[in-house]
Amino acid sequence: EPEVTQTPSHQVTQMGQEVILRCVPISNHLYFYWYRQILGQKVEFLVSFYNNEISEKSEIFDDQFSVERPDGSNFTLKIRSTKLEDSAMYFCASRAGTSPLHFGNGTRLTVT
Amino acid sequence: AQKVTQAQTEISVVEKEDVTLDCVYETRDTTYYLFWYKQPPSGELVFLIRRNSFDEQNEISGRYSWNFQKSTSSFNFTITASQVVDSAVYFCALSEGGGTSYGKLTFGQGTILTVHP
C-alpha cells in the first residue's frame, strides 16, 4: 500500500536555526497537510495546501513557518528560526478527494 | 468552532476484557466527518474509521466496533476481547464540511489504552 514518507525521522537543531522537514505524499494525492504533536499532547492542525497554495492555516502557523512543493513529489515545512517550543512531532498527511488522511510516520524535532 | 472531547485520559484493562473509548464532539455544521486514529508506541498515526454525519449506522470490523449517536454528539469506540497489541493512544477527530476543509481535523486529547497480559 502506498505510504506518506517523511525524512528525517528525528532532527535535532539549535534554537534560532532554520530547519526543513521533508515529506513525500502519496503520488496521486492532491491535498497536503502538516500537523504537529507536542509530546504528550493532542495532534494539532498547522496548514493545508492545495493547487500550489495554502488553503488554510492555524494560528500556530505564523510567519516563522512556510510550506513548499518544490517539485512534483516533495512537500516541505520550513521553520525559519526555531524556538524551544517548536520541539514536537511533525506529521505530514495527504489525501485524494474525500479519502481519509494518510499520515506519515512523523519527524521528531528537538530544539536545544 | 469545533471541539472534540475524550474524557478518559487513561484506561487500563486486562487482556480479553472489552473496553469502550468515549468521544463527544461539538460542531455547528450539519455536514461533518468523524474519525478514529490509533497511535502505537512507535508514534505513527493509523487510520481506523471514518463516519459522515448522515450515516448513523454502527459499524463492526473484527474486534472493533463504533457507535455513532448524533442525538448525544458521541462517537464511541469499543474493542472486544482486547489484546496487548491494542495498547496505544487512540484519538477521535472531527472534520467539517468538504473541499479543502475536509482534511483539517480537530483532534481530541487522546485516550491512552494499556492492555495487560
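Throughout, protein chains are lettered first and strands after them, A, B, ... in sequence-line order, and every chain is numbered starting at 1.
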Do A/Gln37 and B/Gln39 meet the criterion of a side-chain donor-acceptor pair at a distance under 3.5 Å? yes
For [X], I'd like to know if atom [atom1] has over 12 heavy atoms of other residues, nucleotides or ligands within 6.0 Å.
X: A/Asp63; atom1: CG; value: no
X: A/Glu85; atom1: CD; value: yes
X: B/Lys38; atom1: NZ; value: yes
X: B/Glu15; atom1: CD; value: yes

Any salt bridge (Lys or Arg N to Asp or Glu O under 4.0 Å) pairs touching residues 59-75 of chain B, not counting sequence neighbours? B/Arg51-B/Glu59, B/Arg63-B/Asp86
Going from [atom1] on [X] to [atom2] on [Y], what distance comes out if it is rounded to the nearest 0.5 angstrom?
X: A/Ser58; Y: B/Lys104; atom1: OG; atom2: NZ; value: 7.5 Å
X: B/Gln109; Y: A/Lys42; atom1: CD; atom2: NZ; value: 5.0 Å
X: B/Leu45; Y: A/Met89; atom1: CG; atom2: CE; value: 8.5 Å

With A/Phe103 as partner, the option from B/Phe35, B/Tyr37, B/Phe47, B/Phe91 fulfilling ring-ring contact (aromatic ring centres under 6.0 Å, His included) is B/Tyr37
Does the side chain to side chain contact (heavy atoms under 4.5 Å, CB included) test come out yes or no for A/Thr98 and B/Arg50, once each step is laid out? CA-CA 11 Å; A/Thr98 57; B/Arg50 175 188 65 181; 4.3 Å; yes
Apart from B/Phe68 itself, what residues make up its hydrophobic cluster when side-chain heavy atoms of I, L, V, M, F, W and Y under 4.5 Å apart count as a link, directly or indirectly? B/Val4, B/Ile11, B/Val13, B/Val19, B/Leu21, B/Tyr25, B/Tyr32, B/Leu34, B/Trp36, B/Leu48, B/Ile49, B/Tyr64, B/Trp66, B/Phe75, B/Phe77, B/Ile79, B/Tyr90, B/Leu94, B/Leu113, B/Val115
Measure distances from A/Ser94 to the heavy atoms of chain B and classify the residue's part below 4.5 Å as side chain, backbone, both or neither. neither
Please look at A/Tyr35 and chain B and tell me whether the side chain, the backbone, both or neither of the residue comes under 4.5 angstrom of a heavy atom of that chain. side chain
